[in-house]
Amino acid sequence: MKFGLVGCGNIAYWMHLRALRSIRGVTLAAAADPDPAARERARRLSGVHVYERPDELFGREDIDAVVICTPTHLHAQHAIAAAVAGKHFYLEKPIATTAADARRVMEAAAQAGVTGVMGFNRRLHPLYEQARHLLASGRIGRVRAVQTACCESMPLETMPQWRRRRETGGGVLLELASHHIDQLRWLLGDEVACARASLRSELTEQDTARVELSMAGGVEVQGFFSFRAGLTDYMEFLGDGGALRVDRHSPRLSLRVGRRFGYGVRRPWIAPTPSAGAWRLQRLFRPSIDPSFRRALRAFLDLVRGRENRVASLQDGLRSLEVILAAEDSAGRVVPGNPDGAETGTPCAYC
């Protein structure tokens, strides 16, 4: 199958371009980006023609599917254009900035009869797959609560303009929390019943957030997301039989259960799955390697070919966005650059 790539920024350059080149059965045919520097960098890496406008790529009849990695406020526009052109599409999260736009994406894909999926790639990460299995098998008993955090420090001088304003898809809820909301739904096999948030805007709009979620099954979740704090990405599940921690920046899961004799906890060894073991070996030579991007794109290819569905759907994208919008509604209005750093918050908006 011939693929096109729309958007050649950092995530596309470091992850998607390299992943597409390594997947058997995929040929990268073209890319598109309005930025001359991004076009040249992508051209040097991939060796394919890089257009200035996405519509030039969508107009090529030989391209079967596209990967969309453009700024968030353009996601819906480009996904709809891909569907109208008859292209299957893999859309980076979040699905859109508004629920109305998200539904238009879903309608366009359905009307065109194309396959559209969300880039919630961590569903295909070996570590998260193993964590899901352990939770489902009752390894820590019934899950009672979850503590979660995702932070990526972004100095203002290197942050793209679109990430600085919520209107153009910026803010930590859309950028960071969207991943964790999808992971919670997938890992717990449950839906969010209530969402609350407090937001802080220090240098850019919504650059820090505290989130509280209540799952339909009774699990309570507390989350922290920030562009001002150091690199962090973990989820800790607290059950009545122990605790399980999955950390994207660690090669292994952490399990704590009660001691068999006496007071305290012990840390049982968790044997890695074959895919998790292979990833650990790769980390010895490339410490920052993340196999989930390649595995997610491969799963998208399999789905287009009529095989098992292992990727997040557009409906999953809408559900994640709905929770974010409810959390934003609960937080009220936040003034960028508030000098005293005050937070705002109101009762739950998603009950």
* To the nearest 0.5 angstrom, please state how far the CG atom of Asp207 sits from the CE atom of Met159. => 7.0 Å

* Structure fact -> dist Ile68:CD1 -> Lys87:NZ (nearest 0.5 Å) comes out at 12.0 Å

* Is there a side-chain contact between Pro291 and Pro126 (heavy atoms, below 4.5 Å)? -> yes

* To do: Would you mind reporting whether Arg245 and Phe237 have side-chain heavy atoms less than 4.5 Å apart?
  => no

* Flag side-chain contact, heavy atom, 4.5 Å: Leu134 against Ile140 -> no

* Once you round to the nearest 0.5 Å, how far does CD of Glu52 lie from CG of Leu57? -> 13.5 Å

* To do: Start with the C-alpha gap between His180 and Asp233, add the side-chain angles, then the distance that decides, and say whether side-chain hydrogen bond (donor to acceptor under 3.5 Å, both in side chains) holds.
  => CA-CA 9 Å; His180 278 217; Asp233 191 350; 2.7 Å; yes

* Counterpart residues, ring-ring contact (aromatic ring centres under 6.0 Å, His included), relative to His125 (two or more places apart) -> Tyr128, Trp279

* Quick one: CD on Glu220 to CG on Leu213, what's the gap to the nearest 0.5 Å? -> 9.0 Å

* Asked: What's the spacing between Glu328 CD and Ile324 CD1 if we round to 0.5 Å?
  -> 7.0 Å

* Any donor-acceptor N/O pair, Glu205 side chain to Arg166 backbone, under 3.5 Å -> yes

* To do: Among residues two or more places apart or on two chains, list those pairs meeting salt bridge (Lys or Arg N to Asp or Glu O under 4.0 Å) that have a residue in residues 60-72.
  => Lys2-Asp62, Arg60-Asp62

* **Residues in ring-ring contact (aromatic ring centres under 6.0 Å, His included) contact with Phe227, at least two apart in sequence or another chain** => none

* Asked: With Glu129, which of Arg123, Arg122, Arg295 fulfils salt bridge (charged side-chain N to carboxylate O under 4.0 Å, His left out)?
  -> Arg295

* To do: Mind checking the CZ-CG spacing from Arg103 to Leu314? Nearest 0.5 Å is all I need.
  => 13.0 Å

Identify all side-chain donor-acceptor contacts of residues 24-38 below 3.5 Å with residues at least two apart in sequence or on another chain.
{"residue": "Asp33", "atom": "OD1", "partner": "Asp35", "partner atom": "N", "Å": "2.8"}
{"residue": "Asp33", "atom": "OD2", "partner": "Cys8", "partner atom": "N", "Å": "2.7"}
{"residue": "Asp35", "atom": "OD2", "partner": "Ala38", "partner atom": "N", "Å": "3.0"}

* Quick one: side chain to side chain contact (heavy atoms under 4.5 Å, CB included) partners of Ala229, sequence neighbours excluded? -> Cys151, Phe224, Ser226

* Asked: Hey, what else clusters with Leu231 if you join Ile, Leu, Val, Met, Phe, Trp, Tyr whenever side-chain heavy atoms sit under 4.5 Å?
  -> none

* Would you please name every residue forming a salt bridge (Lys or Arg N to Asp or Glu O under 4.0 Å) with Arg21, sequence neighbours left out? => none

* Tell me the ring-ring contact (aromatic ring centres under 6.0 Å, His included) pairs involving residues 74-110, sequence neighbours left out? -> Tyr90-Phe300

* Under the ring-ring contact (aromatic ring centres under 6.0 Å, His included) rule, collect the residues that match up with Phe58, sequence neighbours excluded. => none

* Would Asp182 and Lys93 pass as an ion pair if we require N to O under 4.0 Å? -> no

* Asked: Can you list the residues that meet the salt bridge (Lys or Arg N to Asp or Glu O under 4.0 Å) rule with Arg164, with sequence neighbours excluded?
  -> none

* Structure fact -> Taken in chain and number order and not counting sequence neighbours, the residues that satisfy ring-ring contact (aromatic ring centres under 6.0 Å, His included) with Phe293 are His16

* Asked: Other than Leu238, what residues sit in its cluster of Ile, Leu, Val, Met, Phe, Trp and Tyr side chains whose heavy atoms are under 4.5 Å apart, directly or through others?
  -> none

